[in-house]
**Student:** 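Right, I'll just put the structure down here and ask away after.
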Amino acid sequence: MPYRAPGAPGSRPNVLSGKPIRYYRPKGSQDVRHLVDEGFQAFNAARLSEACAIFSEKMLDSGQDTTIALTVAGALTPAGLGGCVIEMMERGLVDFLISTGANLYHDLHYALNFTLRRGSPFLDDVQLYEDGVIRIYDVLFPATVLLETDAYIRDFIVRSGLNAPTTTSELHYRLGRDLLERFPGCDQHSVLASAAVNGVPIYTSSPGDSSIGMNIAYHELMNDGGLMIDPNRDVNEVCAIVLAGTRNGCVILGGGSPKNFYLQGQPTLWEVYGIPKGGNEYFIQFTTDSVVWGGLSGATPAEAVSWGKVNPGVLPDTVVAYCDSTIAFPIFCEYAIGSPNGRRPRKELVHKREALVAALKREAKAAQERKSEVRSQK
């Protein structure tokens, strides 16, 4: 960027001298489990304890055969939480992801071996701008990280040969495979690469709202590229996964668009396709949003019952812990990984998407035919 420094502060205090942020990988600490079981006894500590128990004892129970979605909103990969997601995917504790595009874009920095550093939220942002330093609250890195990550994405798009409408799951799978080929071993510190290895599909509910989407737009404008994200196919894939699930449950970090993109699967089935699935059996959320503001991020599982998103008979197996995800999620993962159900066979849904959508189409057409028969009999 000719109008900005490349991230070398020169004679000014070096704000990029903080400790590198690494992806934290939980190990299943029994001390953490003891703390949660015995020390988290009331208020939101108790809700976090309840979430840990529901997830570990019920959702992960092999007899339940629950298809588990993880939805991710907020700047969590820059904060180092990608390691928790990787560990959960490797152990089969998460079957598919719905994330903001920004979390996946910033995950690429780790795959490409760039360094994000701990900093302060109280710096002079005008000085940071002049020095070419990007700030995400207290996470700092040179602006060149953005430029080089963007360049990788644009090169990948050309290299991939993708030139038609596609799903975000296919784009992210191809991106993960490309990372593995060019940076062997990066699956240990990249959610995208690890998801490709473990067969976990990743969806983005707002693909244009991130730097990945920005670079796809560049490819269309500058290269006359035909690659486009088809949200219709994303909606149908998620619905097909939910329809195929014996039981369905979610762990929601934050809220926002990823939360609704998952939960809308159930209304799409009954309201649009005429397939009464019955609602999700499990609902766990960590959020700092309150219900009183009326936003989706703060909406409770009880409210979701009225939409058919949550099964009305399972409200005791739903919980909202009003906690910062950067605090709650690592504790939650430590607890789950250290439980007797801390590993499950992976469903590898990324390789089953076409068959699942075909099954959805068959069932939707059958429902349509049944509806037509009823109308003709009146």
**Student:** Go through the steps to decide whether Asp178 and Tyr173 satisfy the test side-chain hydrogen bond (donor to acceptor under 3.5 Å, both in side chains), and finish with yes or no.
**Tutor:** CA-CA 9 Å; Asp178 188 78; Tyr173 178 69; over 6 Å; no
**Student:** Side chain of Tyr105, backbone of Leu146: donor and acceptor closer than 3.5 Å?
**Tutor:**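 Yes: the side chain of Tyr105 pairs with the backbone of Leu146.
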**Student:** Is it true that, when you exclude Gln188 itself, more than 12 heavy atoms of the residues, nucleotides or ligands shown sit nearer than 6.0 Å to its CD?
**Tutor:**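 Yes, the 6.0 Å shell around CD holds more than 12 heavy atoms from other groups.
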**Student:** So, applying side-chain contact (heavy atoms from CB on, under 4.5 Å) with Tyr282, which one of Thr318, Val251, Ile54, Val314 is it?
**Tutor:**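 The residue from Thr318, Val251, Ile54, Val314 that satisfies side-chain contact (heavy atoms from CB on, under 4.5 Å) with Tyr282 turns out to be Ile54.
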**Student:** From the options Leu221, Ile229, Leu162, select the one residue that forms a side-chain contact (heavy atoms from CB on, under 4.5 Å) with Ile216.
**Tutor:**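 Of all the options given, the one that passes is Ile229.
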**Student:** Do you know which of Thr204, Thr166, Thr168 makes side chain to side chain donor-acceptor pair (under 3.5 Å) with Asp234?
**Tutor:**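 Answer to the side chain to side chain donor-acceptor pair (under 3.5 Å) test with Asp234 among Thr204, Thr166, Thr168: Thr168.
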**Student:** Show the nearest heavy-atom pair for residues Gly119 and Leu140, with the distance to one decimal.
**Tutor:**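 Closest approach of Gly119 to Leu140, heavy atoms only: CA-CD1, 3.7 Å.
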**Student:** Measure from NZ or CZ of Arg154 to the centre of the six-membered ring of Tyr218 and say whether it is under 6.0 Å with the direction within 45° of the ring axis.
**Tutor:**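 Yes, Arg154 lies over the aromatic ring of Tyr218.
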**Student:** Using salt bridge (Lys or Arg N to Asp or Glu O under 4.0 Å), reason through Lys347 and Asp65 one step at a time and then give a plain yes or no.
**Tutor:** CA-CA 10 Å; Lys347 295 183 184 292; Asp65 188 26; 2.8 Å; yes
**Student:** Which residue, Leu16, Leu123, Val145, Asp125, forms the side-chain contact (heavy atoms from CB on, under 4.5 Å) with Val133?
**Tutor:**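 One option only clears the test, and that one is Leu16.
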**Student:** Please report the C-alpha distance between Tyr23 and Glu87 in whole Å, then the side-chain angles of each, then the deciding distance to 0.1 Å, and finally whether the side-chain hydrogen bond (donor to acceptor under 3.5 Å, both in side chains) criterion is met.
**Tutor:** CA-CA 10 Å; Tyr23 269 6; Glu87 192 69 35; over 6 Å; no
**Student:** Begin with the C-alpha distance, continue with both residues' side-chain angles, and end with the deciding distance and a verdict on salt bridge (Lys or Arg N to Asp or Glu O under 4.0 Å) for Arg233 and Glu237.
**Tutor:** CA-CA 6 Å; Arg233 293 169 64 182; Glu237 281 192 10; 5.7 Å; no
**Student:** Could you check whether any side-chain N or O of Asn103 sits under 3.5 Å from a backbone N or O of Gly74, counting only pairs where one atom can act as donor and the other as acceptor?
**Tutor:**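 It does hold such a pair.
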**Student:** Step by step, would you call Tyr335 with Asp37 a side-chain hydrogen bond (donor to acceptor under 3.5 Å, both in side chains)?
**Tutor:** CA-CA 9 Å; Tyr335 190 99; Asp37 287 337; 2.7 Å; yes
**Student:** Apply side-chain hydrogen bond (donor to acceptor under 3.5 Å, both in side chains) to residues Asp150 and Asn215 and explain how you reach the verdict.
**Tutor:** CA-CA 7 Å; Asp150 289 350; Asn215 284 289; 3.1 Å; yes
**Student:** Can you name the closest pair of heavy atoms from Lys309 and Leu296 and give their distance?
**Tutor:**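 That would be NZ-CD2, 4.5 Å.
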